[in-house]
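All chains are named by letter (A, B, ...) in the order of the sequence lines, taking the proteins before the strands, and each is independently numbered beginning at 1.
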Amino acid sequence: MSYDFKKVEKKWQEKWEKEGTFNAKNDFSMPKWYGLIEFPYPSGQGLHVGHPRSYTALDIVARKKRLQGYNVLYPIGFDAFGLPAENYAMKNHIHPRITTENNINHFRQQLKSLGFSFDWSREVNTTDPNYYKWTQWIFIQLYKKGLAYKATMPINFCTGCKVGLANEEVVNGVCERCGSPVVQKEKSQWMLKITEYAQRLIDDLKDVDFLDKIKAQQINWIGRSEGAEVEFKLDNVDESLKVYTTRPDTIFGVTYMVIAPEHKLIEKYKDKIENLDEVNEYKRKASLKSDFERSELNKEKTGVEIKGIKVINPLTGEKVPLWISDYVLSTYGTGAIMAVPCHDDRDFEFAKKFNLPIKQVIAPKFLDEKNPPRKDAKDTKRHVTTCIIKHPKEDKFLVLKYKDREWQSLVMGGIEENETVIDAAIREMTEETGYFDVKNSYQINATTCDKFYAAHKEVNREIVQECTVIELNSLDKKDVSEEEENKYEKVWVEKDKLLDYINIESQKFQIDMFLNEKAFTELDGAVAINSDFLNGLSAEEAKKKATEYVKKEGLGEKQVNYKLRDWVFSRQRYWGEPIPMVYCDDCGWNPIDEKELPLVLPEIEDYEPGENGESPLSKKPEWIKTKCPKCGKDARRETDTMPQWAGSSWYFLRYMDPHNNDALASKEALEYWSPIDWYNGGMEHTTLHLLYSRFWHKFLYDIGVVPTKEPYQKRTSHGMILGGNGEKMSKSKGNVINPDDIVEEFGADSFRVYEMFMGPFDQTAPWSMESIRGCSKFLDRVWNLKDKVVEKEEYSPKFESMMHKAIKKVSEDIEEMKFNTAVATFMTMVNEFSKEKEITKGEYKTFLILLNPFAPHMTEELFKEIGEEKDISETSWPTYDEAKTIDDEIEIPIQMNGKLKTTVKVSKDATEDEVKEVVKENETVKQLLKDKTVVKEIYVPGKIFNIVVK
RNA sequence: GCCGAUGUGGCGAAAUUGGCAGACGCACAUGACUCAAAAUCAUGCGGGAAACCUUGUGGGUUCGAGUCCCACCAUCGGCACCA
């Protein structure tokens, strides 16, 4: 009889549901395993094929762990607050609660049809007051510890919908829904101080097992940088400007200062500013720009000099101009910077545009690898200049090709005392080449530092090499000494060949700087120059020394900064958890009494936001009106709600004890189930959800609620499933695959096996209808094997090692997320079984148990077909004997000079001499060795035999 | 620009971590069954007539490199004026 997946899958799903087969046990003495997948947002579109990829993977692990004797918690729930339901309500006047409930029912049915072994008795729903009671409770604890505060922050405001938008809803500066421009609007918002945990969020990553790319992205997002805060005194005013810099080693190179348009200095010293109107106009324009315009549309730098205020460089005493520009962000550091155009790309661009001076204070250091400085030799210094000499008519430059050595070099020579660099350059040029008729000459910021051992003088040389550009007026010449004339050939090289022609590293650098004007930002192997007491120090040492100096002088100190900002926690929306805060004119903000939780979201008729983007709840005066929890006078409730990230920041704790009315979960449950052993989810949640939930967890740890510092011991990410055309699935592209259709056509087992087989779990993979058919065919062959089963519990000699190998391979693959190769192992086994007339019941049973986590319905049914009384879910995971995974006879490849020639068969415990004997007797080897001499023989036991011949 | 990943047959991909490149599947081809097709089963399937050549390109280390090192190219993902 052929396999009727519809009937069988339904049968087992009903049995599992009725019996609660997969519910976690409240037996805290058992070893536990807690697997978690990201609970879905129940959207109107239903389940996406991406969901089952993650759910199947951990379902496989969960099912295996249960068979291995663990008490497994594999829960599911719904993250049901959020925008789509609210938008739908605005349009169709259906309460979000109703749409949400319908969607959840649809999701639940879809998930059950795939046979996941979720513990449905622990299902949570973030919109359930019994759930969000605890979300609100956590918020109040945060408030009590000073981690929740109100601040005025700019939000994205859609001018069309009159509503605050999340960043994700702003696309190219306009509203995702209506296309109206989005502006920044100042709004008083609840904020959470995640920045207080920034360092711990980085440090504690070392204790958890997250994929490296996940750790890297988190660290990146937090964006720690080390530097110094330095005060620059203003000229003629008793005030200083504080800046943050990561390059205190470059303070000598500061040529101007910049403050952000929002910087308060302007308001404070407006009397001093000579061009106040101009400055205010710039400020006004900047404030009109959205963040998007500031960064994307406006790559070209803008700014205005603040005339009348000069800033004093604390290290040089030099007075430098102060500018206002929006390339400096008010929200990072101190909102002001010291500009070092020579060593910062942005400052360089700005200086070029406004013609501000550029001063080099860091130089690259070049070590001659063939002649490294010697410890026993004396250090000497030289000061030289190189000359980039331009042809009067053509776009060519002069290079000296030395006759006595391999140098192809610019004209160069020492700078004498009392001589300027340019004078020295022209003198050297004339001495070496005779040219003297100069049209133009100038020095460029391309000084280098060369260090090497000069053998002819037996000293170490340190050469500071400046770079001068000389444009010739004519090729008129003076006489050159014969010695100079014979030393080298003079070659005019075209501009674009110059870099390749020169063969001295430091000069290559100089030419690169000359041809492509840019900032020199390298730190590695760079040294300070033109920097007084820092001269000669490596950039790293200079950083340290400059910071020490500044600190000693009381001008600043070491400082760590983070890119991470505090979390804007309010939404001017209806469909979210009400923020449980009350404002009283006398007592200010206070949380409601915890006994009053949950603060239930009231019913409303009108979901539209107010004219100025107020929350829809602000139109419900009878709800707003309340008593001050502190003094009892009339007071009003907060009308903003929490963001969707709130409910998902702790849901995994509720699963541990979902029906508890006295705490978010009992101490015992938290102690037993924490931490989550394995959490899998999308890469898109790496920076927000993962960071937010880790932050809340750390806070809960600090106040003694949870027992672990980190919520998730292990975090992995699955790759996205693309449409058949290799593009992201989307309605508009018409490449969306509906899981229901797949289950209908092929059944849940085929669907599950295919999603695991399609490719490496953590990489994106395109959907293929042909391949799923292949998986379906594979399961049919598994089904048909039952007719070959003979009553015998042992493995037959033919299959013994294959069985042990397979148990090992599949067990390991599941732990390492290599589900695709586990499926390949099953397929290979079926191929082998199919070749035989009969297979033993023992072999088939082991095979079915191994396959069960992947294809749970069919394997359970087959277990019954072959007459087993127990369900697979009541049996245990097979074990293997390492010794039996090795074949008695092994094939050894024979290589000659590393190239495969033939193979020989030897016993698994053959000695090296025995193997050698077999190899020597091999006909192919004899033939090949005929006219060759054996130089060497390499035998890697059990692996390979390589003969090196001449 | 910065961070990360990936590059292997016509396609999705394997490769015990330095040891027989292409397991397994798809597609394709041939054969069996069939009046025929589908399904199923069997066989073949990187290139080349061969010696040999083949893991994005070019170097290197090694008896031996898809795997390690250096330089580059391409594609994808994330961040992006963060001083």
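Of the side-chain N and O atoms in A:K901, none sit less than 4.0 angstrom from OP1 or OP2 of B:C20.
Side chains of A:N680 and A:S54: a donor on one and an acceptor on the other come within 3.5 Å. Between the side chains of A:Y562 and A:Q199, a donor-acceptor pair is found at a separation under 3.5 Å. Donor-acceptor pairing under 3.5 Å is lacking for the side chains of A:R565 and A:T195.
Residue A:R781 is in sugar-phosphate contact alone, with no base atom involved, counting any heavy-atom pair closer than 4.0 Å across all strands shown. A:T246 comes within 4.0 angstrom of the backbone, heavy atoms only, and of no base. Residue A:Q895 is classed as a base contact, given a heavy-atom separation below 4.0 Å to a base.
Nucleotides B:G19 and B:G64 are separated by 7 Å at their C1' atoms, to the nearest Å.
The side chain of A:K818 approaches B:A15 more closely than any other nucleotide in the set B:C79, B:C53, B:A15.
To the nearest angstrom, P of B:U54 lies 15 Å from CG of A:L900. For the pair A:L779 CG and B:U40 C1', the computed distance is 16 Å after rounding to whole Å.
Here A:F746 and A:F5 keep their ring centres 6.0 angstrom or further from each other.
Base-pair partner of B:U6: B:A74 (Watson-Crick or G-U wobble, both distances under 3.5 Å).
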